[in-house]
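A short worksheet on the structure shown next.
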Amino acid sequence: MTSYCKIDHVDKVFTRGSTETCVLKDITLDIEKGEYVSIIGHSGCGKSTLLNIVAGLTQATIGGVILEGKHVDEPGPDRAVVFQNHSLLPWLTVYDNVRLAVDKVFGSKKSRSERDEWTLHNLNLVQMTHAKDKRPSEISGGMKQRVGLARALAMEPKVLLLDEPFGALDALTRAHLQDTVMGLHQKLGNTVMMITHDVDEAVLLSDRIIMMTNGPAAQIGEILTVPIARPRKRLELVTDATFLKCRQRVLEFLYERHRFVEAA
Amino acid sequence: MNMTVAKSDISASIPSAPTPPASSSAAAKIVPLPLRQTAMNTRIRAGLVGAASAVIPPLVMIVLLLTAWQLLCMRPGATLPPPSKIWTEAYDLIVDPFFVAGPQDIGLGWRVLTSLQRVAIGYGFAALFGIALGTLIGQSVWAMRGLDPIFQVLRTISPLAWLPISLAAFRDSQPSAIFVIFITSVWPIIINTAVGIRNIPQDYRNVAAVLQLNHLEFFWKIMIPSAAPYIFTGLRIGIGLSWLAIVAAEMLTGGVGIGFFIWDAWNSSRLPDIFIALAYIGIVGFLLDRMVAGLASIVTRGTAAN
């Protein structure tokens with residue numbers, strides 16, 4: 001019995017000239033279907049590299065990623081990415097940004113009106129229908145991230161990859177968007193892998209938290225299962241004993257055992 | 001200015017509210033019309049003031065410069081004609097750009113059109129070839145390394161220096177002039193396009209990779225829109241250079257164009273005609289630049305603001 005998505009003994013070594021830097025060392029992780037997994041670690045520990053390897057944007061030096069029994073080493077819409085800096089195409093409207101993905105993925109499977117409907121449906125999921133004719137430069141950072149999310153969801157990915165999707169947002173917008181993502185995960189049952197450096201965010205959203213040791217040659221230090229029932233309510237969790245305990249575990253890992261050391 | 005606009009807007013909106021209940025159709029018709037007119041009048045007035053503030057300062061400067069020129073060249077022994085003399089001697093050239101009085105005696109409008117036709121062909125080839133080659137160079141590191149130094153040297157060569165070579169190659173003045181236009185305007189287009197393609201953000205490439213866009217889709221949907229501001233910078237420099245080059249090329253190759261007209265006027269000592277031709281060249285060059293800039297702002301809307 002193999003898992004839905006398996007990161008299998010992945011090493012990543014960057015070579016520049018004659019110097020080799022080992023970024024990731026022997027990463028093995030099984031992700032179940034419908035599971036929400038967060039990867040947390042200090043900056044520079046290679047967590048974004050790991051996500052890029054799953055996305056196929058970076059090649060693993062050793063090992064690989066197996067999705068539904070198939071080895072994947074190229075990017076594709078079955079592993080849609082929500083990028084940290086939204087990466088919307090500025091010359092297209094909100095609608096056209098999502099539509100580009102829909103046309104590419106469902107061009108042969110759906111009729112024109114079905115694709116239009118599906119585009120609007122996904123914009124509606126992230127509550128962005130009202131701005132569908134605006135260009136990315138005309139909407140706020142949080143809205144751009146919503147559109148990026150709609151674009152990724154519209155591809156119906158097997159695994160949704162979130163690369164610090166809320167990192168560039170202010171705290172209130174971030175909370176709002178976290179609730180949106182949580183609601184969508186509940187509703188659609190996506191398999192999600194999220195990169196984050198926010199402990200509260202990881203505990204609030206995840207079924208499991210993968211804690212990375214510091215690089216170079218970062219490894220999985222610890223895996224914490226968050227045993228909090230869904231749907232989760234932000235306000236109730238603030239005083240929830242399990243939430244606080246999980247939070248404490250992650251904090252201890254990050255700030256005591258694997259304190260971030262500034263590169264000399 | 002803003003205050004008056006705001007006030008008239010308010011006065012327009014207040015009486016319009018009670019109009020619907022008033023059942024008398026005559027009153028309802030009369031009341032809104034004059035009010036709406038005043039609102040429109042203020043808008044027209046604002047537009048006129050805006051236009052005047054754009055037009056009057058350069059007009060004043062032109063009058064001042066012409067006056068200074070007139071004063072300087074009026075005294076006896078002046079080597080250049082004053083504006084008044086140009087006006088009287090080149091009157092037919094100024095008032096009618098499109099007269100035809102003989103095979104070699106035609107209005108400057110026709111001459112400019114002939115030159116523009118050459119520019120259109122040469123520049124058109126330069127745009128197509130430049131964007132294509134620039135795309136290739138921007139995409140390939142090795143093409144860049146191999147070709148960029150060569151282009152950087154070639155682009156500094158004066159357009160006229162190419163003329164003997166093209167005359168030798170084509171053995172005819174018409175294609176030679178067109179080739180000079182091409183060779184002059186192609187470099188900035190190639191180089192700017194290459195820079196634009198090289199500067200496509202990695203984010204857009206990642207999006208294209210996740211969507212599995214093929215080469216053609218990537219070219220049309222990511223590359224061209226993303227590099228468009230750079231490409232249009234190149235096109236704008238190119239059109240300016242080709243208009244510079246055509247005059248010089250025509251002076252040497254002869255024919256009907258505006259450049260040859262200047263040379264011909266010089267040889268037959270018609271100095272006033274040359275000044276009129278210069279004015280034509282300047283205005284047409286300005287319009288060409290505005291045209292490409294206007295096209296750029298339409299095509300690249302939204303691209304620059306990220």
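Reminder, nothing fancy here: chain letters follow the sequence lines and each chain counts from 1. Remember, predicted model here, so these are calculated numbers, not experimental data.
- The 12-atom threshold is exceeded at CD of A:Glu138, counting heavy atoms of other residues, nucleotides or ligands nearer than 6.0 Å.
- Considering all non-hydrogen atoms of both residues, B:Ala209 and A:Pro75 come closest at O-CB, 3.4 Å.
- Between A:Asp103 atom CG and B:Glu217 atom CD the span is 9.5 Å, to the nearest 0.5 Å.
- Looking at A:Arg151, only its side chain comes within 4.5 Å of chain B, counting heavy atoms on both sides.
- Within 6.0 Å of NE2 on A:His121 lie more than 12 heavy atoms contributed by other residues, nucleotides or ligands.
- Heavy-atom contacts from other residues, nucleotides or ligands closer than 6.0 Å to CZ of B:Phe219 number more than 12.
- With a threshold of 4.5 angstrom between heavy atoms, A:Asn85 approaches chain B through side-chain atoms but not through N, CA, C or O.
- Contact between A:Gly76 and B:Gln212 at its shortest, heavy atoms only, is CA-NE2, 3.6 Å.
- For A:Glu68, the CD atom is densely surrounded, since the number of other residues' heavy atoms within 6.0 Å is greater than 12.
- Put simply, the side chain of B:Leu211 reaches to within 4.5 Å of the side chain of A:Met155, judged on heavy atoms.
- A:Gln84 CD to B:Asp203 CG: the interatomic distance, rounded to the nearest 0.5 Å, is 9.5 Å.
- Heavy-atom distances place both the backbone and the side chain of A:Ala101 under 4.5 Å from chain B.
- The residue among B:Leu213, B:Val210, B:Asn206, B:Ile222 with the most heavy atom pairs within less than 4.5 Å of chain A is B:Val210.
- With a 6.0 Å radius and a threshold of 12 heavy atoms from other residues, nucleotides or ligands, A:Phe14 has its CZ atom above the threshold.
- B:His215 NE2: 12 or fewer foreign heavy atoms inside a 6.0 Å radius.
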